[in-house]
Asker: 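I'd like to ask you about the structure that follows.
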Amino acid sequence: MRHWMVMIPVVMLASSACATRNDVRRAVADARAQTTAEIEAERQARMAGVTELRNEMQAELAAVRRDLESLRTDFSTRITGMEEGIRFIVPVHFAFDDAGVRPEDEQVLARFAEVVRRHYPTSAITVEGFADPAGSRAYNLRLSHRRAEAVRSHLTQLGIDGSMLRAVGYGKDRLVVPDAWGEQAGAEMNRRVVFVIESAELPPGFIAVAPEHRDTP
């Protein structure tokens with residue numbers, strides 16, 4: 001009788017130990033399963049975030065491409081990529097010996113400002129002014145700078161941060177139609193402004209096609 005009484009606690013201890021080991025195994029298995037599920041959930045969330053970011057970037061690039069194409073086709077703007085940024089040769093011209101922005105050019109300036117506000121709000125922009133060959137070099141440098149400054153001021157009125165705009169005059173350098181001045185044919189093409197959005201790039205797939213007028217280096 002005493003022998004069986006001794007064996008009972010031993011059996012109970014063995015059963016308890018076995019149950020404890022099973023509990024530990026189940027706890028470890030549950031923890032592993034939970035960890036695996038959490039890792040998978042995190043991976044799925046990360047992949048969803050990457051996909052969402054990729055879709056947003058693609059949508060933004062498509063919007064930039066669409067707006068640049070509209071500016072080019074609607075206003076015969078030449079848009080080219082350069083090492084320092086994007087150059088916009090816009091049909092904004094000036095009367096002879098005048099630096100005022102013409103009413104007929106306000107629409108293209110408004111569209112350009114819209115593109116800048118939407119896609120390049122933090123980019124520095126240089127407004128380059130030019131003149132026809134009439135007059136001295138010094139006078140034309142001043143006149144071309146006044147033209148660039150007038151356009152710069154107009155763009156600030158359209159909501160572009162003035163601290164991001166720089167006006168530069170190049171006088172009668174880089175003539176589009178050599179020797180044309182005053183009311184001669186092609187002279188207006190020399191009295192113009194060019195925009196350079198610095199440190200910006202053309203969207204992939206955008207093909208720069210020159211319109212009828214061009215800015216010669």
Side-chain angles (χ1 to χ4, degrees), residues 67-117 120 123-160 162 164-198 200 202 206-217:
D67 287 347
L68 293 184
E69 184 64 29
S70 176
L71 185 63
R72 185 174 66 183
T73 57
D74 293 349
F75 297 97
S76 296
T77 298
R78 183 185 181 190
I79 305 171
T80 56
M82 306 179 301
E83 183 176 347
E84 63 267 35
I86 305 177
R87 174 177 289 175
F88 294 76
I89 303 175
V90 295
V92 174
H93 305 286
F94 300 85
F96 179 65
D97 198 26
D98 187 79
V101 175
R102 304 182 306 176
E104 57 265 39
D105 294 335
E106 292 180 357
Q107 188 176 4
V108 65
L109 289 175
R111 181 71 67 84
F112 176 77
E114 182 181 349
V115 170
V116 171
R117 291 196 310 269
Y120 308 104
S123 297
I125 301 173
T126 298
V127 185
E128 302 177 345
F130 297 89
D132 67 31
S136 68
R137 177 175 179 81
Y139 180 81
N140 279 316
L141 283 173
R142 292 193 299 271
L143 178 60
S144 62
H145 185 269
R146 285 168 49 210
R147 287 169 173 165
E149 187 60 43
V151 172
R152 176 190 177 279
S153 177
H154 190 83
L155 291 177
T156 61
Q157 295 175 22
L158 293 172
I160 298 180
M164 306 302 292
L165 293 167
R166 181 172 68 111
V168 179
Y170 287 99
K172 52 187 176 182
D173 292 345
R174 290 160 53 183
L175 294 173
V176 177
V177 182
D179 302 324
W181 62 277
E183 301 304 320
Q184 297 176 358
E188 186 181 71
M189 308 297 289
N190 294 326
R191 302 188 294 263
R192 70 201 187 282
V193 290
V194 171
F195 301 121
V196 176
I197 300 182
E198 301 173 17
L202 287 174
F206 186 87
I207 302 174
V209 179
E212 294 180 358
H213 73 282
R214 57 197 180 100
D215 188 52
T216 55

Asker: Tell me the closest heavy-atom pair linking Leu109 and Leu158, and the distance in Å.
Answerer: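 Taking Leu109 first and Leu158 second, the nearest heavy atoms are O-CD1, 3.7 Å.
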Asker: To the nearest 0.5 Å, how far apart are CD in Glu128 and CZ in Arg87?
Answerer: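 Rounded to the nearest 0.5 Å, the CD-CZ separation comes out at 5.5 Å.
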Asker: Applying side-chain contact (heavy atoms from CB on, under 4.5 Å) between Glu198 and each of Arg166, Met164, Glu84, report the one that passes.
Answerer: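 Single side-chain contact (heavy atoms from CB on, under 4.5 Å) partner of Glu198 among Arg166, Met164, Glu84: Arg166.
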Asker: Sequence neighbours excluded, which residues qualify as side-chain hydrogen bond (donor to acceptor under 3.5 Å, both in side chains) partners of Arg191?
Answerer: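 Scan of Arg191 (side-chain hydrogen bond (donor to acceptor under 3.5 Å, both in side chains), adjacent residues dropped) gives Asp132.
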Asker: Tell me, which pairs form a salt bridge (Lys or Arg N to Asp or Glu O under 4.0 Å) where one or both residues lie in residues 179-190, sequence neighbours left out?
Answerer: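 Listed by first then second residue: Arg102-Glu188.
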Asker: How are the rings of Trp181 and Phe96 set to each other: parallel, tilted or perpendicular (split at 30° and 60°)?
Answerer: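 Answer is tilted, since the angle falls between 30° and 60°.
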Asker: Minimum heavy-atom separation for Val127 and Ala148, please, with both atom names.
Answerer: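 For Val127 and Ala148, the tightest heavy-atom pair comes out as O-CB, 3.4 Å.
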Asker: Return yes when atom CZ of Arg117 has more than 12 non-hydrogen atoms of other residues, nucleotides or ligands closer than 6.0 Å, and no otherwise.
Answerer: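 Yes - once you tally the heavy atoms of other residues, nucleotides and ligands closer than 6.0 Å, there are more than 12.
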Asker: Grab the two heavy atoms, one from Tyr120 and one from Leu68, that are nearest each other, plus how far apart they are.
Answerer: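 Distance-wise, the nearest heavy atoms are OH-CD1, 4.0 Å.
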Asker: Looking only at heavy atoms, what is the nearest atom pair of Val108 and Pro91, with distance?
Answerer: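 In this case the closest contact between Val108 and Pro91 is CG2-CD, 4.1 Å.
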Asker: For the backbone of Ser153 and the side chain of Thr156, can you confirm whether one donor and one acceptor N or O come within less than 3.5 Å of each other?
Answerer: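 Confirmed, Thr156 side chain pairs with Ser153 backbone.
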Asker: Looking at every heavy atom in both Ala131 and Asn140, which two are closest together, and how far apart are they?
Answerer: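 Closest approach of Ala131 to Asn140: CB-OD1, 3.4 Å.
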Asker: Side chains of Lys172 and Leu143: closer than 4.5 Å at any heavy-atom pair?
Answerer: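 The answer is no, as the side chains (C-beta and beyond) never meet within the 4.5 Å cut-off.
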Asker: Taking only residues at least two apart or on different chains, which pairs with a member in residues 141-153 satisfy salt bridge (Lys or Arg N to Asp or Glu O under 4.0 Å)?
Answerer: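 Counting only pairs at least two positions apart or across chains, the salt bridge (Lys or Arg N to Asp or Glu O under 4.0 Å) contacts touching residues 141-153 are Glu149-Arg152.
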Asker: Taking all non-hydrogen atoms of both residues into account, name the closest pair between Leu155 and Ala113 and its distance.
Answerer: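 Shortest heavy-atom contact: CD2-CB, 4.2 Å.
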Asker: Measure the spacing between CG of Asn190 and CZ of Arg192 and express it to the nearest 0.5 Å.
Answerer: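 Reported value, rounded in 0.5 Å steps: 6.0 Å.
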Asker: Measuring from atom CZ of Phe130 to atom CG of Leu175, what distance do you get when rounded to the nearest 0.5 angstrom?
Answerer: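 Result: 9.5 Å between the selected atoms.
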Asker: As an exercise, state the distance from CD1 of Ile125 to CD1 of Ile160, rounded to the nearest 0.5 Å.
Answerer: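 Between atom CD1 of Ile125 and atom CD1 of Ile160 there are 5.0 Å.
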Asker: Identify the residue among Phe75, Phe112, Phe195 that makes a ring-ring contact (aromatic ring centres under 6.0 Å, His included) with Phe88.
Answerer: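 The option that passes is Phe112.
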Asker: Nearest 0.5 Å, please: how far is CD1 in Ile197 from CE in Met82?
Answerer: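 Those atoms lie 10.0 Å apart.
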Asker: Between atom CD1 of Ile79 and atom CD1 of Ile86, what is the distance when rounded to the nearest 0.5 Å?
Answerer: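 Interatomic distance, Ile79 CD1 to Ile86 CD1, rounded to 0.5 Å: 8.0 Å.
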